[in-house]
Amino acid sequence: MSGPVVPDDSAHRGVGVAEVSLDPSGFWGSRQSVNAAATLTHCLDWMERLGWIENFDRVARGETTIERPGWQFSDSEIYKLLEAMAWELGRRPDETLAAAFEALVDRIGAAQDDDGYLNTAHGHPGLPPRYSDLAMGHELYNTGHLLQAGVARLRTGYDDRLVQIARRAADQVCEEFGANGRADICGHPEIEVALVEAGRAFGERRFLEQARLFIERRGHGTLPVRPLLSAEYFQDDVPVREATVLRGHAVRALYLSAGAFDVAVDTGDHGLADAVTAQWKNTVARRTYLTGGMGSRHQDEGFGDDWELPADRAYCETCAGVASVMLAWRLYLATGDVRYPDLIERTLFNVVATSPSEDGRSFFYANPLQLREPGASASDGVNNRAEGGMRAPWFDVSCCPTNVARTVASLGAYVASADDEGISVLQYAAGEIRVGGFVLQVDTRYPDESTVRVRVVAAPESESRLRLRIPGWADDATLSLNGDDATRVAPGWADIRRSFEPDDEVVLELPLAPRLTWPDSRIDAVRGTVAVERGPLVLCLESVDLPSGTHIEEVQLDPGSTLSAYADGARVNGVVAATTDSGVLPFGTTKPVASDPRPIELTLVPYHRWAERGPATMRIFIPVTS
Ligand SMILES: [Zn+2]
């Protein structure tokens, strides 16, 4: 029993989804409950209604035609839902969910060809031939998600039909694309990361070798370049081990990096591991938003250049946030470096938690940091636009909802890790962690409240290490053991080494005073502005919290005024500096000076729940008073 990402040999081991129970009243536990109770069924219902699941029935019945509902990658959404269901069933038994899962697996299995090939958009009468459009056909991408679903099923204790289906599909990929097969790659990476994980879970070294081949083949310009879609878009411009930064389509780049790092770890390829690590560092340092969001450009859903991080035109696809967590998790397991769970926390609270609505039935696809016009309420129909100011129940390209579902269902796995010395608590969520001889009860209302109590319920008999992550923003954190005086702990790791006894209790205080966060001056788009954060949360200003008639563009924040915590957000003083249009260009020969600025108290709320109160304009970076 384990969770996502289990390298054969790794400094740190993630915990299994069954080894962590998140408290349903906590920040993450409540989201996991909503995911289980609402999102899984929501996704299933939508894909049934749109005919994406019936595509498998049509293949089984031999009734395929080119007039097929869904994009060529719609199969992957069903596989991602299966993966989410598998993690959820591994977390806790649920007969209704188990029945839905098995019914879905039966329909998918019925569509698998004798040689293991499984796809509803290619390779059957009336459809394009197998692997006839590797750049955009997404066949291997789909198969990758099937493998990840199979891996989730096996790692939660079931070696059953989905595992067999996935194994046969992986066999077919190796047969077709192996060392003696066609030397091609898929336009959308995903098969690489999936094959390594399938190789680990199924005990098949040749799956790892196939992943290695795909990684080495990439970057040599073999995919046909299309109008508007360059080799860089596909990461086919430079071999992975020669690249210095992530570029092109963000989700593609991040999935590829995760797969490349997995290959590097399992083959002992230090050069490849170092290359991916350097790319991550450069990407985080220059191409990542305050929210942890990645990808600036809408046109190709891609990374921008260094410092190209506009707030209003931020794309920050939810899937890129999920993929960033996938990559950072792999880097952490190999190194134990605190920077990775720091970024995971930032991304979970400010991208992954932002996408789904409170009821788990609508989602953000793009996550801009500023919205200039209130979004229209999303209708009950399919949303054709990935962008917009309100969450939508479903999308024409609907990759994000199922990606959120599988991530939230497996969230417990990212909360802690074990190593030969003991246990590390990485994310602070109320609940119980059972791993490495430890049983820890974590009691906290973080991030609403600053106190995290970690009580030892059981511990290894000999001396061991309990390691707590002190987030990079937590300058004044303190720690106390069994009621002793609290001592300051610096950002990084707080290690406690002793023979733990039941009822030992560590109390961590993570100060949650709101703080100003200034952008690097090289990010032109937000120069002259400041953001406010509180603990792990990025805050934002929403128009619903402004007096009627006040426009969000006219608001300035006074960085010299006192920030105070307010509810789960903050309050700070500023001014409303009304300006008038000149009637000609919005530029002039004198620096504009606002006339008659009037004071205002600004109320800021967590970005993750923006647009929950109806259509609104919003901004994270607020101009400072001059
Ligand atoms: Zn997506």
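As the structure lists them, so they are numbered: ligands from 1, and atoms in each ligand from 1. Quick note: residue numbers are just sequence positions, from 1.
- Side-chain atoms of Ser355 do not come within 3.5 Å of backbone N or O of Val351 as any donor-acceptor pair.
- Looking at residues two or more places apart in sequence or on another chain, you find a side-chain contact (heavy atoms from CB on, under 4.5 Å) between Pro374 and Pro615, Thr617.
- Tested against Tyr607 for a side chain to side chain contact (heavy atoms under 4.5 Å, CB included), the candidates Asn367, Leu290, Leu537 yield a single pass: Asn367.
- Taking both residues in full, the closest heavy atoms of Trp52 and Gly70 are given as NE1-CA, 3.3 Å, listed atom of the first, atom of the second, then distance.
- Near-neighbour remark for the Zn ion (ligand 1): protein N, O or S atoms under 2.8 Å are Glu317 OE2, Cys319 SG, Cys399 SG, Cys400 SG; waters not counted.
- Residue His138 is tested with His122, His145, His188 for a ring-ring contact (aromatic ring centres under 6.0 Å, His included); the sole match is His188.
- With Asp236 contributing its side chain and Arg218 its backbone, the two residues share no donor-acceptor pair below 3.5 Å.
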